[in-house]
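What you see is a predicted model; the values in this text were computed from it and never measured. Order of listing sets the numbers, starting from 1, for every ligand and every atom in it.
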Amino acid sequence: MWWKEAVVYQVYPRSFQDSNGDGIGDLNGITEHLDYLKKLGVNVIWLSPHYDSPNADNGYDIRDYRKVMKEFGTMADFDRMLAAIKARHMRLIIDLVVNHTSDEHAWFVQSRSSRDNPYRDYYFWRDGKPNPADPAHLLPPNNYPSYFSGSAWKLDEPTKQYYLHLFAVKQPDLNWDNPKVREDVFSLMKFWLDKGVDGFRMDVIPLISKQPGLPDLTPEQLKDPSRIWANGPHRDEYLLQMNREVLSKYDVMTVGEAIGITLEEEPKLIDSSRHELNLVFNFDAVRINRGDFYSEKPWTLPDLKAIYDHHAEVLGKTSWDTVFLSNHDNPRLVSNFGDTSTPELRVRSAKLLETMLMTLRGTPFVYQGDELGMTNFPFKQLDQFDDIEVKNAYKEKVLGSKMTEAEFIAESQRFGRDNSRTPMQWTDAPNAGFTTATARPWLAVNPNYPEINAAKEQADPASVLRYTEDLIALHHAHLAFVYGDYKDLDPDNPQVFAFTRTLAVPGRSDQRFMVVLNFGEKPVDYALPKGIVAGKLVLANVLGTPQTGGTTLKLAAWDARIYTF
Ligand code: NOJ
Ligand code: CA
């Protein structure tokens, strides 16, 4: 199962590389950088949506599943990119966004045209509820909120009914209870698999089975609607059907975005005996510091360790895990969990985080730019943001007087999705080499690009990039990092994360690795738990770290080490 041994790299095409000077990344731009990815050592690319889209949500609103977004290029460009990926012995998985379509998709255009159109039942249409307070204006059919603020229902004038959109108004939800919808989705999946793509990352896939009758959420349920939306009665039945009719016929990797699913529920989707999906993304770790919306929640290192320990326990031997702490919906890795207060600490902490991701249990995912230690953007005002999530929330929270503009900008600067969507920083040329010097990139380049960019880091043996290359090579070289047992040596330690990965290899001596991470600025003389002795140093993020360990380790700020033991 190649996807267990893979290291995946997520490309957000809009921001990766612009090849034709229009300020928007494109497929030819990706093809240009495949040697960079090969050298980095990743062997699977996850491409965020590349389909024809009006971009209400940057491609997560698909107008035509069988076409390439024109800003990104043509189908010939896609085919060339795919062939070039395969020629380098890498694989490609694409984003499958089928909980909803764009409102400009032909199915929805038909569906909204009349109540008796054959496509009417491809989506959820309902009458409004009587409004005793104002009989002339009906209320939405139920109290579902949208992820992007406001009600999840929109009144559509032509037929005077409401349609359901859990995300943006321009992202109507597909009705998977209609067998024709499932057939059409399966057919478009085959279209891409027959071209040779190696699988899918499935956008908000647990939401495909809606609750029968769409009853109101109770006040308790309204605190976390995803829990109800993700656990509809037919979710597993539809995924099993998808597996039977499509996935099982190809050698593919599938990773579902497990929105609304608890760790304990995950085996329902990914237990290897079930034949639904291979992997899911669980958000417990990446959202450990997140309160309501973009607010910050305090967390401790033992909390984080408990999450990984719990994963090992629950997923055990029958389900496979994913490891990630960033993507296009979350802040930059090092800004979120590391330390950007000085250039030195940024580099150190970025390396520490990569060390953790590459040695924990599960298939690791690297988000573009994190291998450079790219940071959040210094957003100062609303018009610097592009994201619909921010724009809609601004209306609700600031114009709705729930918080001040300054508070809102501060929270969005900390957690907003545009932080990770700024263009890749390739060089110190104007626009960071992402696009031509005179073009206007679709989203501003982070002003720190002269300092943080791939060219500079490639030339610097002490860079985050060069370290990440070594780390990925190490991950590939030792199956202990893939199949090895995981043990947290010191779960309660508030500052040091120390764990082992061990694997018995028949006919050879066992692979035994110990990872020691000092989470923070404070140096510490760390005494290893009784009976544990650090052996030979395999990799370290601090120059001059002694080549052998012992029982007490003198750890510097954000020190990360991998030993044999
Ligand atoms: C999850 C995607 O990752 C996010 O970017 C998108 O806005 C929503 N799903 C809706 O498709
Ligand atoms: Ca372009």
Listed as residue and atom, the protein N/O/S atoms under 3.0 Å from the Ca ion (ligand 2) are Asp18 OD1, Asn20 OD1, Asp22 OD1, Ile24 O, Asp26 OD2

Checklist entry - Less than 4.0 Å between a side-chain N and a carboxylate O, is that true for Glu265 and Arg227? => result yes

Any salt bridge linking Lys210 with Asp173? Criterion: basic side-chain nitrogen under 4.0 Å from a carboxylate oxygen. yes

**Ion pair Glu104/Lys170, N-O distance below 4.0 Å** = yes

Tyr147 to ligand 1, any heavy atom closer than 4.0 Å
no

Note: Arg421, heavy atoms under 4.0 Å from ligand 1, region reported as side chain

State if Met202 counts as touching ligand 1 under the rule of any non-hydrogen atom under 4.0 Å.
no

(request) Could you tell me whether Lys154 and Asp103 have a side-chain N and a carboxylate O separated by less than 4.0 Å? (result) no

For this session: Test salt bridge (Lys or Arg N to Asp or Glu O under 4.0 Å) on Asp26 and Lys70 and set out the steps.
Result: CA-CA 9 Å; Asp26 45 53; Lys70 67 174 183 317; over 6 Å; no

Practice item. Compute both the distance and the angle, then confirm whether Lys195 meets the cation-pi test with Phe78: under 6.0 Å from the six-membered ring centre, within 45 degrees of the axis. Key: no

Arg417 heavy atoms within 4.0 Å reach ligand 1 at atoms 4 (C), 5 (O), 6 (C), 7 (O)

Of all protein heavy atoms, the one nearest atom 7 (O) of ligand 1 is Asp57 OD2, 2.5 Å

When distances are taken from atom 1 (C) of ligand 1, the protein heavy atom at minimum range is Asp203 OD1, 2.9 Å

re atom 5 (O) of ligand 1, the protein heavy-atom contact at minimum distance is Asp329 OD1, 2.7 Å

- Pairwise side-chain contact, His100 with Leu166, heavy-atom cut-off 4.5 Å (strictly under): no

Note: Phe148, heavy atoms under 4.0 Å from ligand 1, region reported as side chain

For Glu257, the ligand 1 atoms with a heavy-atom partner under 4.0 Å come out as 1 (C), 3 (O), 9 (N)

Counting from 1 in the order shown, the ligand 1 atoms closer than 4.0 Å to a non-hydrogen atom of Val204 are 9 (N)

Should the pair Phe186 and Trp176 be assigned to parallel (<30°), tilted (30 to 60°) or perpendicular (>60°) ring geometry? perpendicular

Side chain to side chain, Gln221 and Asn143, heavy atoms closer than 4.5 Å | no

for atom 8 (C) of ligand 1, nearest protein heavy atom and its distance come out as Phe167 CE2, 3.7 Å

Evaluate the ring planes of Tyr60 and His328, with Trp represented by its six-membered ring, and classify them as parallel (under 30°), tilted (30 to 60°) or perpendicular (over 60°).
-> parallel

Only residue of Tyr122, Tyr119, Tyr65, Tyr123 satisfying ring pair (Phe, Tyr, Trp, His ring centres under 6.0 Å) with His105 is Tyr65

inquiry  = Taking a cutoff of less than 4.0 Å between a non-hydrogen atom of the residue and any ligand atom, is Glu389 in contact with ligand 1?
reply    = no

Against the six-membered ring of Trp153, is Arg126 placed for a cation-pi contact (under 6.0 Å from the centre, within 45° of the normal)?
no

Within 4.0 Å of some non-hydrogen atom of His100, the atoms of ligand 1 are 10 (C), 11 (O)

